[in-house]
2 protein chains.
Amino acid sequence: MTGAAPRLVDIAESAGVSVATASRALSGREGVSAAVAERVKQIAESLGYIANVHARSLAGGTTSSVGLVIHEVADPYFSEIASGVMRVAGRQGLSVQMCHSGRDPQIELRQLRTLIANRVGVIVVAGSGYLDQEAERSIHRELTRFTQAGGRVVAIGRHQHATDAVLPANTDGGHAVTRHLLELGHRRIAVIAGSLGLTTVADRLTGVHRALSAAGLGEQDVPVVEAPFTREGGKAATLELLERYPDRTAVLALNDDMAIGALSVLRSRSLRVPDDMSVTGFDDVPVAADLSPSLTTVRLPMQQMGEKALELALRPPAKRPRRVVMPATLVERGSSGPPRSS
Amino acid sequence: MTGAAPRLVDIAESAGVSVATASRALSGREGVSAAVAERVKQIAESLGYIANVHARSLAGGTTSSVGLVIHEVADPYFSEIASGVMRVAGRQGLSVQMCHSGRDPQIELRQLRTLIANRVGVIVVAGSGYLDQEAERSIHRELTRFTQAGGRVVAIGRHQHATDAVLPANTDGGHAVTRHLLELGHRRIAVIAGSLGLTTVADRLTGVHRALSAAGLGEQDVPVVEAPFTREGGKAATLELLERYPDRTAVLALNDDMAIGALSVLRSRSLRVPDDMSVTGFDDVPVAADLSPSLTTVRLPMQQMGEKALELALRPPAKRPRRVVMPATLVERGSSGPPRSS
DNA sequence: CTGAAAGCGCTTACAG
DNA sequence: CTGAAAGCGCTTACAG
């Protein structure tokens, strides 16, 4: 074996045609007799020819790959979104290049530059923007340049960069789940939240506060404990909450991961859910329904959000950024109930 | 704005040097005066220059991307692996191109060809091989060609293609969890399994049978209900099991997803776990510890498996395929206990 | 329908 | 240390 992958010129030679003809035949373009096209394809097949995408992209100015920036693929919120993106990409024959931002604007910027270097045609950025103005500016600049060079950008979640976006109804969701707890009779609620610097957190919290104030409660009535937006963060926040605000009857977690952490801590303290404490989540990750008690939460159609984002990106840009709002639906399950009558 | 991304020649021109010098300066190669290098870098920075990876790869014959084939990213087993791969890739400045095989050898083949077309330097294939010989052959052929052309392939899980591999101790794990149930006193066990055509399933089952026979039980004593290797599959299999084998005292699921499905069905039937029925899983996905009851399972270090796989791929190939076995550890939690004394 | 040639944006010997 | 030139493997006008 030679060890070298066959090139187009090898196929052309073997078929006794020019590379131009071979190229046309293989890409199914017009202007090649059926017989020749057939022969070329046959030969390519038998030689195991696979066109070099780099050469193709350089020569043709085309690209068949999309970049996907997520915070962390092991986080089910993002893996669901990624799955949706991959499904559409698979259908369209596109490759997806995935990278982690780790919720760090510096890293996000670096990853974006890598994607641009790789000449992806589309970039889907999932996960909230940062409230850090400075960091956002550099990201914005890079994305603008990319767009001006013909790239397409779609954000999932609110993003500083004005672009087409798929927006989960975070505020609505925060409102709905808060009202749910209020209607059950809870007044002594505590919120456990991821970093307040994330727009996702800020938006959900806005919904919470809106529902609170509609019920005559103020922000000061509902403490917000901040911690990492993860299961571990949920545990830490719940521990702190139990210590500092022992009178609470409901824990409103701003994502399911934190809620799962809360359930775990409550179980270890032998506090019954929902009898002693109600717990609610946000996102409705797949496992939420299978927890015990099953988790009352706000459903976001994550896979669809991923699909929709790439579909938007594949359409030609509109004059003004398109915004697709994805509904947030309250899902009442076993983890929430009336407060203990203390 | 022109709309076109600046090229190396633009930088060179702007800096008053040749493209050769500019290229050397930007890639930090030797043979450029510090002053010139500095100036070139400055200009590149200010113009927002990002080298075209396609051109670079074509010219230099290098590649900075790795391909990752997994069954489905929304499956936590694979998202954990993917996370490990991405972590190492991030450290090394490599891009990762991810694709789904959907546990379909035809699709896997197509995805491999796409990765090869994209001239990735490394391919990590996660997920078991298929027992389907025919399908494996084409995949094997493609990977061999890739390797001969200088590519590196590492499999996670047993794979027909003889290559460096990270091998979870599936058989050991199957053995350990079965012995655990036997030691608790269970004799009337049922297995719920993903497709028997997957090597992962076959290997885990081998461990189960080995432990069974060591305890004087035969394969015919332990029915195996086959269903999709998912939560839904776990539900379906458990429903069938309850109907066909009502005397069972333990459900041994061959992955956590199926176990979660089983727990869900048992709960809806008001069967208590582990009092009425023990349930065990396999993998130890993050949520397993947070279920209620928490899931007894076999831990596989999935993130590490992903990391290890890419690390292996980044080392030069050895004469003979390297095999790294990753230990499977029994994790005893709340979902298993002695059988009801009926 | 087919081919010769230019060119995509880089890198890397080869000279100087 | 620096530059002119060839070449990576394709595609796409441009001729014929």
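Just so it is clear: chains get the letters A, B, ... in the order the sequence lines come, proteins before strands, and each one is counted from 1.
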Classify the nucleic acid contact of [X] as base, sugar-phosphate or nothing, counting any heavy atom under 4.0 Å across all strands shown.
| X | value |
| --- | --- |
| Gly61(A) | nothing |
| Val17(B) | sugar-phosphate |
| Arg29(B) | sugar-phosphate |
| Val53(A) | nothing |

What is the distance, rounded to the nearest whole Å, between atom [atom1] of [X] and atom [atom2] of [N]?
| X | N | atom1 | atom2 | result |
| --- | --- | --- | --- | --- |
| Arg119(A) | dC10(C) | CZ | C1' | 11 Å |
| Leu8(B) | dT12(C) | CG | P | 12 Å |
| Arg24(A) | dA4(C) | CZ | P | 11 Å |
| His54(A) | dG7(C) | NE2 | P | 23 Å |

Expected output: side-chain Asn118(A) to main-chain Val120(A) donor-acceptor under 3.5 Å: no
Is there a donor-acceptor pair under 3.5 Å between the side chain of Thr147(B) and the backbone N or O of Leu143(B)? yes
Using a cut-off of strictly less than 4.0 Å, decide whether [X] has a side-chain nitrogen or oxygen near OP1 or OP2 of [N].
| X | N | value |
| --- | --- | --- |
| Ser33(A) | dT2(C) | yes |
| Ser18(B) | dG3(D) | yes |
| Tyr49(B) | dC10(C) | yes |
| Ser23(B) | dT11(C) | yes |

Can you classify the ring geometry of His54(A) versus His54(B) as parallel (below 30°), tilted (30 to 60°) or perpendicular (above 60°)? tilted
Would you say Ser65(A) and Gln97(B) are linked by a side-chain donor-acceptor pair, where the criterion is simply a distance under 3.5 Å? no
Name the closest nucleotide to the Ala55(B) side chain, picking from dC14(C), dC10(C), dC10(D). dC10(C)
